[in-house]
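Chain letters run A, B, ... following the sequence lines, proteins first and then strands; every chain starts at 1. Every heavy atom of this structure was used, including side-chain atoms; hydrogens, water molecules and symmetry mates were not.
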Number of protein chains: 2
Amino acid sequence: MSSVTIKDIAKLAGVSHTTVSRALNDSPLINPETKERIKAIADSLNYAPNYSARSLVLDRSYNFGLFFSTLHKGTSAGFLYEAIKGVNDVIKDQFNLIVRGIDDYKSFHNVNRKSFDGLIVMSQSASDQPFIEYAAQIDIPLVVLNRPLDSVKVMNLVPDDQSGAFRVVEHLISRGHRDIAIIEGKAGFKSTEARRDGFREAMSRYEVPVRDEWIVRGNYDLESGHAGMIVLLDLPERPTAVFCSNDDMALGAIKAVTERGLRVPEDISVVGFDDHLFSSFMTPALTTVRRPIEEISRVGAMKLLSFIEKKQVEKSTVYFHTELVIRDSVKTITGGTN
Amino acid sequence: MSSVTIKDIAKLAGVSHTTVSRALNDSPLINPETKERIKAIADSLNYAPNYSARSLVLDRSYNFGLFFSTLHKGTSAGFLYEAIKGVNDVIKDQFNLIVRGIDDYKSFHNVNRKSFDGLIVMSQSASDQPFIEYAAQIDIPLVVLNRPLDSVKVMNLVPDDQSGAFRVVEHLISRGHRDIAIIEGKAGFKSTEARRDGFREAMSRYEVPVRDEWIVRGNYDLESGHAGMIVLLDLPERPTAVFCSNDDMALGAIKAVTERGLRVPEDISVVGFDDHLFSSFMTPALTTVRRPIEEISRVGAMKLLSFIEKKQVEKSTVYFHTELVIRDSVKTITGGTN
DNA sequence: CTGAAAGCGCTAACAG
DNA sequence: CTGTTAGCGCTTTCAG
């Protein structure tokens, strides 16, 4: 039961272990017949290479790190799911997919070229800036997804949140809304800013005034959307539409509306951002913006793979198109501008 | 920039690399002063051990495999999320958490003691039976979560789906329902059977007749819940309550009800299973059963950890309590039995 | 308390 | 086409 090595095979085949190594690695300079013979023996012995030994000599770990800002707080299930799915689809079983929360590290020392052939950072907040800078500095093949970086030069794949937010707010305006509120995302998240900027851009482009009391803070979770909507509903002058910075908060917001005996979209319109799996099944189905996390992850994994193979990295920022998804949570107000 | 080894440290410290190794591993038989000196040098050099080398000699990989039946189909985002969170919380950074879909393997050869110190299989269907049998046979520390096994003897941690289903159906009955339908889960999943059994158990215990046309198939996704409810709604005689075998299907089912201009729970009651994160925020908030995946994963990881440390495995089946969560999706029918 | 030497399993010159 | 030899970085006897 104890594991078989190339030496065992060598003995049985009557050759040197070097020949076995070459045969198993499909070296061209080896007799096709002996190669087959060796492979047959290896098969019959259920030989599996010792990756630690191979890693040691080849200086490759066969590890692919997928690092999230955190695994405890702020990461939504759908987000984790799409990212893992996207990356896994690409690497299959050529690499080990190692999932990590950056905030689980006390020290980054053990994150290095020896332990990881490459790193994908799924960045959700500026909190992982030190890690990204560390990774960039040790010169490990690296791809940073989701959060646009300014300082560090790396391969950076990000959704175009701002234009997505712009389009969904533009959509509200086109349906005749002029009293539009925003429930913002978590403070410090770049996406929070980008979505707010898209909101403001649309408002100013169409010359719709922004009212301070209609800007409320959230933190991307259900509860904060719920709480935020209550604040808005309690205002003397209510908005007719609310842009929630993600779908989770939109769900919480709609709950708050319902609890007051009001209805979406009849009494107040609500839009979200992300297009979660459940968003089309809510009542009403949620108008939102689709952020292609799975696609970004897939492309990120492919890029990283090619960096590793070519032993050379590119550095650039690539934006991925976000898409307005129109459903039933927005009411058309007569006298609309469109 | 090229990485520093214990030999480099040895040279600087004026000792042998053996001594460095011992110092860094906190061997007791070493002079405390030299130990400190060596550690200081190691720190200043940013030394990080080469895990491939250490693995080779120690015959440990530091890899912890978390294997799902599939990563493509059938695994819900929340499920993946809770499992990863639970396991990660336990192993922190002592191990690499390697996430895998069993159906991504062409051959299991590379899953062995050399590559993994231990395995957690999050089993969702009988399709991974061959894998589990393989793992049991190579005698690797192993824990199987979520799906109850009959043949193989391993450490098996599972939610008590049947009693959960029993309790939620009992709840329907206690609220006066006697016309109760079920939308079943994916065929071939053990959980589908267990929940069906709990349903039947409650029905027979309280002597409520089960009607064939009120048993409809689903496959655990939103769409199938939607489709299943349409079938039920089109029946000449409708049930007053529907037990959906998971929350995703309940969401789809409620959508179908709403589309018909009917309301939950006024016109028809709906309950689910799983207690997804969003279930309390649906309208109406969903009555369901909580399945403690995160807890099961956490306990599973702890067990596996101890197997690895003690170099000895236990084999038994442990059930985890599922919990009825009462919310607003069930109407009380007057003349109820309770 | 410390060092010399061996070896984990594998690949890669270098010779033939 | 094949074998000999060395060595990847680390831990562990075995001697001092």
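Residue A:Y47 places at least one side-chain N or O closer than 4.0 Å to OP1 or OP2 of C:dC10. Remark: A:T19 is not in phosphate contact with D:dC1, judged by side-chain N or O atoms under 4.0 Å from OP1 or OP2.
Checked by atom type, the side-chain pair A:Y220/A:S191 shows a donor-acceptor distance below 3.5 Å. Of the N and O atoms on the side chains of B:D103 and B:T70, at least one donor lies less than 3.5 Å from an acceptor on the other residue.
B:I9 places its CD1 atom 8 Å from the P atom of D:dC10, with the value rounded to the nearest Å. The separation between B:K114 atom NZ and C:dG9 atom C1' is 9 Å, rounded to whole Å. Taking atom CZ on A:R113 and atom C1' on D:dC8, their separation rounds to 16 Å, with Å as the unit. Look at CD1 on A:I6: it is 5 Å from P on C:dC10, rounded to the nearest Å. Taking atom CG on A:L24 and atom P on C:dA12, their separation rounds to 13 Å, with Å as the unit. In this entry the distance linking CD1 of B:I38 with C1' of C:dG3 reads 12 Å, nearest Å. With rounding to whole Å, A:L56 atom CG is found 11 Å from C:dT11 atom P. We find that CG of B:D8 is positioned 11 Å from P of D:dC8, with the value rounded to whole Å.
At the heavy-atom level, A:S52 lies nowhere under 4.0 Å from the strands shown. Here A:N25 lies in heavy-atom contact (under 4.0 Å) with sugar-phosphate atoms only.
For A:V57, whose side chain is taken as the heavy atoms from C-beta onward, the closest listed nucleotide among D:dT2, C:dG9, C:dT2 is C:dG9. Of the candidates D:dT12, C:dT11, C:dT2, the closest approach to any side-chain atom of B:S21 belongs to D:dT12.
Of the residues listed (B:I120, B:L66, B:N156), the one engaging B:L145 in a side-chain contact (heavy atoms from CB on, under 4.5 Å) is B:I120, and it is the only one.
Toward the 5′ end of DNA chain C lies the nearest nucleotide of B:I30, the other residue of the pair B:I30 and A:Y51 mapping further downstream.
A:L24 CG to A:I38 CD1: the interatomic distance, rounded to the nearest 0.5 Å, is 7.5 Å.
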Is there a salt bridge (charged side-chain N to carboxylate O under 4.0 Å, His left out) between B:K190 and B:D161 once you walk through the steps?
CA-CA 10 Å; B:K190 195 97 171 187; B:D161 277 14; over 6 Å; no

Atom pairs under 3.5 Å: protein N/O with N/O of nucleotides 13-16 of chain D:
none

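A donor N or O paired with an acceptor N or O is found under 3.5 Å between the base of D:dT11 and the side-chain atoms of B:H17.
Under a 4.0 Å N-O distance rule, the pair A:K39/A:D26 qualifies as a salt bridge. Salt bridge B:E33/B:R37: absent, no basic N to carboxylate O contact under 4.0 Å.
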